[in-house]
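Worksheet: the structure to be examined is printed underneath.
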Amino acid sequence: MSVLLLRLAGPLQAWGDSSRFAKRHTRTEPTKSGVIGLLAAAQGRRRTDPIEDLAALSFGVRVDQRGRIERDFQNAIRRTGTKHEAMPLSYRYYLSDAVFVAAVEGDRSLMEALDEAIQAPSFPLYLGRRACPPMGQITLGVHEGSLDSVLRGAEWQAALWYQRQQGSTVDLELVLDAEPGTPLTETVRDLPVSYDPTRRVYGWRDVVRPEPIRVNNDLAPPAPDFLAAYGGA
């Protein structure tokens with residue numbers, strides 16, 4: 001099978017899987033429904049178009065740069081003629097300064113078509129919400145191998161300033177679709193069935209968090225020499 005890798009980076013990201021009404025939360029890593037929506041937009045699919053072929057793809061995420069949760073709030077006024085009605089405050093949560101590598105696995109012909117669509121998208125692409133445009137190159141190309149092995153072999157995508165703040169080795173967390181029979185760590189309502197605004201439907205999927213990837217960090221600051229103040233050893 002073939003795997004398409006995507007670098008998801010931007011000032012803000014928001015990957016909600018069950019948020020509605022006045023509080024819009026975000027998960028700490030990209031959702032399958034959000035990434036499949038991004039791919040569908042790149043291909044020019046309308047919200048009412050079928051997405052079964054994309055939803056059936058195996059999906060995984062690697063956390064290359066853990067972002068910070070930020071909270072924003074919005075208010076609005078609804079005008080009806082000469083009347084003004086204040087709407088409830090809306091709290092929205094975002095991930096700030098995060099970088100992820102997302103992967104989808106399937107037939108090579110479909111992976112190559114998605115890769116081409118990402119490079120010349122039919123609709124604007126967003127990292128979860130419209131207020132969150134991506135930054136830099138998104139596609140990292142199509143690779144041969146399993147989802148797990150390709151994610152483990154991909155180059156670390158964190159920003160240089162972030163790498164300089166980390167230690168000599170860094171563990172990158174993985175979140176993957178669970179294979180049948182795999183001991184589960186989490187079940188999430190994150191399988192897109194329909195993006196139709198009049199009938200949005202999401203199913204459940206099982207995910208697993210395997211052993212993280214340990215990478216060497218050549219940009220790590222040197223270890224402090226605690227004996228230097230005393231003239232060395």
Side-chain angles (χ1 to χ4, degrees), residues 1-17 26-47 49 51 53-68 70 94-163 172-177 190 192 195 207 213 215:
M1 299 294 281
S2 299
V3 176
L4 172 63
L5 290 181
L6 305 172
R7 182 179 186 270
L8 305 178
L12 294 175
Q13 304 185 36
W15 305 100
D17 61 355
T26 179
R27 293 187 63 85
T28 54
E29 62 275 332
T31 58
K32 184 172 185 175
S33 58
V35 174
I36 293 302
L38 180 147
L39 295 173
Q43 286 193 314
R45 302 195 194 194
R46 303 284 178 175
R47 290 185 177 272
D49 290 340
I51 54 169
D53 57 332
L54 298 182
L57 299 174
S58 296
F59 175 74
V61 172
R62 193 182 75 187
V63 182
D64 280 30
Q65 181 173 318
R66 177 67 69 183
R68 303 185 310 274
E70 304 282 356
Y94 298 87
L95 287 174
S96 172
D97 292 329
V99 179
F100 304 97
V101 175
V104 289
E105 179 185 26
D107 292 336
R108 185 169 186 87
S109 58
L110 178 55
M111 297 300 100
E112 291 178 342
L114 292 172
D115 184 40
E116 294 176 2
I118 288 291
Q119 296 179 59
S122 298
F123 296 127
L125 305 181
Y126 307 106
L127 303 179
R129 296 194 192 124
R130 292 184 181 179
C132 305
M135 178 179 65
Q137 179 180 342
I138 299 177
T139 178
L140 298 176
V142 178
H143 307 264
E144 292 302 314
S146 67
L147 189 78
D148 181 89
S149 64
V150 171
L151 277 174
R152 290 183 181 277
E155 183 178 352
W156 189 22
Q157 296 295 317
L160 295 181
W161 65 262
Y162 180 86
Q163 296 185 34
L172 308 182
E173 184 181 356
L174 286 171
V175 185
L176 310 176
D177 279 347
D190 180 36
Y195 294 121
V207 300
I213 307 163
V215 298

Legend entry - Verdict with reasoning, E144 to R108, per side-chain contact (heavy atoms from CB on, under 4.5 Å): CA-CA 9 Å; E144 292 302 314; R108 185 169 186 87; 2.4 Å; yes
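Atom CG of L127 sits about 7.0 Å away from atom CD1 of I138, to the nearest 0.5 Å. One finds the CG atom of L12 at 10.5 Å from the CE atom of M135 (value rounded to the nearest 0.5 Å). Rounding to the nearest 0.5 Å gives a distance of 11.5 Å between OG of S58 and CG of D148. The distance from atom CD of Q13 to atom CD of E29, rounded to the nearest 0.5 Å, is 11.0 Å. Between the CG atom of L5 and the CD atom of E105 there is a distance of 11.0 Å, given to the nearest 0.5 Å. Distance check, rounded to the nearest 0.5 Å: CG of L4 to CG of L147 gives 10.5 Å.
Considering only heavy atoms from C-beta on, D177 comes within 4.5 Å of K32 through its side chain. The closest side-chain heavy-atom distance from L57 to M111 is below 4.5 Å. With a 4.5 Å cut-off on side-chain heavy atoms, L54 and V104 do not count as touching. V35 has its side chain out of reach of V61: every pair of non-hydrogen atoms, C-beta onward, lies at least 4.5 Å apart. Looking at I118 and L38, their side chains come closer than 4.5 Å, going by heavy atoms from C-beta outward. Looking at heavy atoms from C-beta onward, R152 lies in side-chain contact with L174 at the 4.5 angstrom threshold.
The backbone N or O of A159 sits less than 3.5 Å from a side-chain atom of Q65, completing a donor-acceptor pair. Remark: the backbone N or O of D107 is not paired with any side-chain donor or acceptor of S2 at under 3.5 angstrom. A donor-acceptor pair under 3.5 Å links the side-chain atoms of Y195 to the main chain of S33, judged by distance alone. With hydrogens and angles ignored, the 3.5 Å screen pairs a side-chain donor or acceptor of Q157 with a backbone N or O of E155.
For the salt bridge (Lys or Arg N to Asp or Glu O under 4.0 Å) test, residues two or more places apart in sequence or in another chain that qualify with E173 are R66, R209. S122 pairs by the side chain to side chain donor-acceptor pair (under 3.5 Å) definition with nothing, not counting sequence neighbours.
Residues D190 and R27 are not paired through a salt bridge, judged by the lack of any N-O separation under 4.0 Å between the basic side chain and the carboxylate.
Contact record, F59 with A102: CE1-CB, 4.2 Å, taken as the closest heavy-atom pair.
Side chains of T139 and D115: a donor on one and an acceptor on the other come within 3.5 Å.
D64 pairs in a side chain to side chain contact (heavy atoms under 4.5 Å, CB included) with only one of the listed residues (V215, L172, I213), which is L172. Looking at Q43, R45, R46 one by one, the single match for side chain to side chain contact (heavy atoms under 4.5 Å, CB included) with F123 turns out to be R46.
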